[in-house]
2 protein chains.
Amino acid sequence: MNKTKDTTTESNILNAAKHIFQQKGMMGARMQEIADKAGINKALLHYYFRSKQLLFEAVFKKAFSLLAPQLNEVINDDSSICEKIKNFSHNYISFVIKHPYLPNFILQELNRNPDFVQDLIKEKNFPNISKFKKQVNDKVADGTIRNIKAEQLFINIMALNIFPFVGAPLLKGFINIGDKEYNQLIEERKTAVADFIINAIKINK
Amino acid sequence: MNKTKDTTTESNILNAAKHIFQQKGMMGARMQEIADKAGINKALLHYYFRSKQLLFEAVFKKAFSLLAPQLNEVINDDSSICEKIKNFSHNYISFVIKHPYLPNFILQELNRNPDFVQDLIKEKNFPNISKFKKQVNDKVADGTIRNIKAEQLFINIMALNIFPFVGAPLLKGFINIGDKEYNQLIEERKTAVADFIINAIKINK
DNA sequence: AAATAGTTTAACCAAATGGTTAACAAATGT
DNA sequence: ACATTTGTTAACCATTTGGTTAAACTATTT
């Protein structure tokens with residue numbers, strides 16, 4: 001169990017950069033601020049990662065690679081659709097509670113530069129939903145679940161799991177509650193989301 | 001029918017600024033670029049709106065005021081919960097198809113500066129969900145709909161309607177489709193979202 | 001037509017920013 | 001011990017950026 005937390009300069013930089021980039025985005029981040037947070041000279045950033053762009057890409061890909069395999073794993077195992085929905089929702093929400101900036105960071109930067117998705121697709125472990133799609137189509141055909149396009153169901157699953165994090169400030173305002181109460185709502189969603197989805201697709205016998 | 005499209009300098013600036021800010025965010029936007037897009041000198045931006053911050057706030061509040069009343073209206077009218085969900089989903093998705101950058105812009109900037117929500121709440125027409133909340137609680141109590149917290153249902157409605165826009169680049173990658181097919185999916189969601197939600201909450205008789 | 005107020009511009013400025021250089025220190029190999 | 005590579009820093013540089021100024025141009029008023 002290697003818990004040495006990596007105190008090398010390079011991982012110091014990556015950690016500092018992760019914080020700053022996730023909080024302020026690529027455009028809002030300042031190299032000096034990252035250097036300060038890492039406790040090093042600004043020139044050293046360029047020594048390890050030639051440019052801001054390259055440092056950003058390193059941070060972004062690392063962040064993305066934390067989320068993507070998780071989705072891939074659940075969506076491509078051999079369990080039933082209901083199990084997949086339950087597992088994914090629980091795992092994902094638990095994970096993102098510990099990394100609350102992650103979804104917003106990724107969505108923001110992909111919106112800023114949508115072409116970057118093409119790069120990501122090439123990486124191994126990029127999620128592929130074809131198995132899930134077939135599974136849904138089969139279950140719709142044999143009448144186990146309601147008639148729904150696999151793509152729409154997939155979008156719904158992602159929306160219900162991810163949006164509460166990226167929309168947090170807005171939702172807190174609308175619902176008129178503070179951080180503590182909102183976190184409680186999120187906690188409940190670990191199971192509530194799957195229940196909601198399953199109710200939506202299952203056929204009433 | 002006043003369709004004069006407002007060709008005053010001030011609204012020229014606001015329009016140009018809207019495009020640039022929505023595409024690049026507050027930090028990514030450059031005053032020079034906004035001036036160029038508006039076809040004027042950069043100094044004129046400061047003549048009309050003292051600073052970048054103030055210009056940004058003007059754009060942001062205008063953008064927000066396009067979305068908020070819409071939500072408020074539907075959520076606070078006298079129709080049934082199902083009607084509200086149908087109306088809101090259809091109206092919202094139709095509207096955002098015409099302004100696809102809007103949701104991402106607002107979410108991104110609220111995440112960058114969450115305290116700004118407090119400002120927005122003070123504005124009149126800021127959405128208030130208390131009526132919706134009572135309505136849901138009543139229907140749960142009398143057994144018309146499944147047991148669900150009004151807040152969770154509200155989050156789900158928002159998530160299913162908004163996320164497909166802010167998550168578009170990512171979802172296109174996951175589903176592995178192009179813009180055209182994705183827009184088709186969004187189009188279907190004008191009705192599919194409400195169906196999904198209603199199935200999720202209605203009791204099977 | 002002269003004065004006044006409002007609008008627009010070119011030129012400028014100070015600060016911030018990403019990036020570079022050259023010197024210095026610490027490890028590493030021989 | 002010495003040389004060479006690797007890691008680190010202070011000082012510097014060119015460019016960009018938000019913002020200012022003073023002059024010019026254009027209504028509007030008197």
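Naming convention: chains lettered A, B, ... in sequence-line order (proteins, then strands); numbering from 1 in each chain. Since the model is a prediction, treat every value here as computed from it, not as a measurement.
- Residues passing the side chain to side chain donor-acceptor pair (under 3.5 Å) test with B:Asn91: none are found, sequence neighbours excluded.
- By the side chain to side chain donor-acceptor pair (under 3.5 Å) test, B:Arg112 is found to be paired with B:Glu109, residues two or more places apart in sequence or in another chain being considered.
- In this structure, the CD atom of B:Glu10 is 14 Å from the C1' atom of C:dG6, given to the nearest Å.
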### Message
Across nucleotides 9-21 of chain D, 5' to 3', mark each nucleotide with B, S or - according to how protein heavy atoms within less than 4.0 Å reach it.
### Response
BB------SBBBB
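- Partners of A:Asp36 under the side chain to side chain donor-acceptor pair (under 3.5 Å) rule, at least two apart in sequence or in another chain, are A:Gln32.
- Within 4.0 Å of B:Tyr48, counting heavy atoms only, lie sugar-phosphate atoms of the nucleic acid but no base atom.
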Side-chain donor-acceptor distances from residues 113-126 of chain B under 3.5 Å, at least two apart:
none

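- Annotation: salt bridge (charged side-chain N to carboxylate O under 4.0 Å, His left out) contacts involving residues 85-95 of chain B, sequence neighbours excluded, are absent.
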